[in-house]
Amino acid sequence: MEAKKHEARTSRPTWDEYWMNIVEQVGKRSTCLRRNIGAVIVKDNIIVSTGFNGAPRGLPHCLEIGCLRDELKIPSGTRHEVCRGVHAEQNAIIRGDPLRMDGATMYVNAKPCKICAKMIANSGIAKIVYVEIYPDDEGIEILKHTKIELVPFRKK
């Protein structure tokens, strides 16, 4: 009977798949009306920090008052300064222990924007596994000039 239980379970997620599944769950906490982005920072297969996109503490969320970028018809990937939200990558870095981030991997379900890329470059994170859904390539271009390993994630 025990052997049959093991036969029924034919596959186990890779570490990248495992962490990306958690990223998707973290992103569900997002308060952004456009995208539910999550980020997880991992070192030695232990979560260092998580973050999702949403308004800063104490400010009303877009879920409550609407999206200023939508109202102004600003295309995704442009005019980042207009958004009231803090990106998932930024929140994960802000909330994490800087000493534990050195050499860590960030998993995120979008390409980092140029603002997040600069923060990631200064955080000590060594690798980014990301999903290519963001229309702005400037962040990836910035990161290509660093020694950070960039790995596009492809769902199977």
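- Side chain of T31 to backbone of C62: no donor-acceptor contact under 3.5 angstrom is found.
- Between A117 and G139, the shortest heavy-atom contact is CB-O, 3.3 Å.
- To the nearest 0.5 Å, atom CD1 of residue I37 and atom CZ of residue R29 are 16.0 Å apart.
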After noting the C-alpha distance and the side-chain angles of K127 and V151, does the key distance pass the side chain to side chain contact (heavy atoms under 4.5 Å, CB included) rule? CA-CA 8 Å; K127 178 179 174 182; V151 180; 3.7 Å; yes
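- The side-chain heavy atoms of I140 and P112, taken from C-beta on, include a pair separated by under 4.5 Å.
- R34 places no side-chain N or O within donor-acceptor distance of the main-chain N or O of C67, the cut-off being under 3.5 Å.
- At least one side-chain heavy atom of I120 sits less than 4.5 Å from a side-chain heavy atom of L143.
- Between E64 atom CD and L33 atom CG the span is 10.5 Å, to the nearest 0.5 Å.
- Under a hydrophobic clustering in which Ile, Leu, Val, Met, Phe, Trp and Tyr are joined whenever their side-chain heavy atoms come within less than 4.5 Å, directly or via other members, I142 and Y130 fall into different clusters.
- For the pair N109 (side chain) and G38 (backbone), a donor-acceptor distance under 3.5 Å is present.
- The CZ atom of R154 sits 12.0 Å away from atom CG of D16, with the distance rounded to the nearest 0.5 Å.
- The number of heavy atoms from other shown groups lying within 6.0 Å of CZ (R35) is above 12.
- The distance from the CD1 atom of I41 to the CD1 atom of I46 is 14.5 Å, given to the nearest 0.5 Å.
- Using a 4.5 Å cut-off on side-chain heavy atoms (C-beta onward), D137 and K111 make contact.
- By the rule that hydrophobic residues join a cluster once side-chain heavy atoms approach within less than 4.5 Å of another member, L63 and L68 end up as members of separate clusters.
- Taking both residues in full, the closest heavy atoms of C116 and E89 are given as SG-OE1, 3.6 Å, listed atom of the first, atom of the second, then distance.
- Of the inter-residue distances, the one linking R100 atom CZ with I47 atom CD1 reads 10.0 Å to the nearest 0.5 angstrom.
- With hydrogens and angles disregarded, a donor-acceptor distance shorter than 3.5 Å links the side chain of K43 to the backbone of D102.
- Linking ILVMFWY side-chain heavy atoms closer than 4.5 Å, directly or via other members, places V131 and I148 in a single hydrophobic cluster.
- Between M106 and the choices I93, V23, V48, the side chain to side chain contact (heavy atoms under 4.5 Å, CB included) rule is met once, by I93.
- Within a 6.0 Å radius of CG in N45, more than 12 heavy atoms belonging to other residues, nucleotides or ligands are found.
- Each of M101 and I115 belongs to its own hydrophobic cluster when Ile, Leu, Val, Met, Phe, Trp and Tyr are linked at side-chain heavy-atom distances under 4.5 angstrom.
- Ring geometry for W15 versus W19: interplanar angle under 30°, hence parallel rather than tilted (30 to 60°).
- Across all their heavy atoms, S49 and A92 have their closest contact at OG-O, 2.7 Å.
- Hydrophobic clustering keeps I65 apart from L59 (ILVMFWY residues linked when any side-chain heavy atoms are closer than 4.5 Å, directly or through intermediates).
- Atoms CD and SG, on E138 and C113 in that order, are 9.5 Å from each other to the nearest 0.5 Å.
- When all heavy atoms are compared, the tightest approach of A39 to V26 is O-CG1, 4.2 Å.
- Between the side chain of N91 and the main chain of F52, a donor-acceptor pair closer than 3.5 Å is present.
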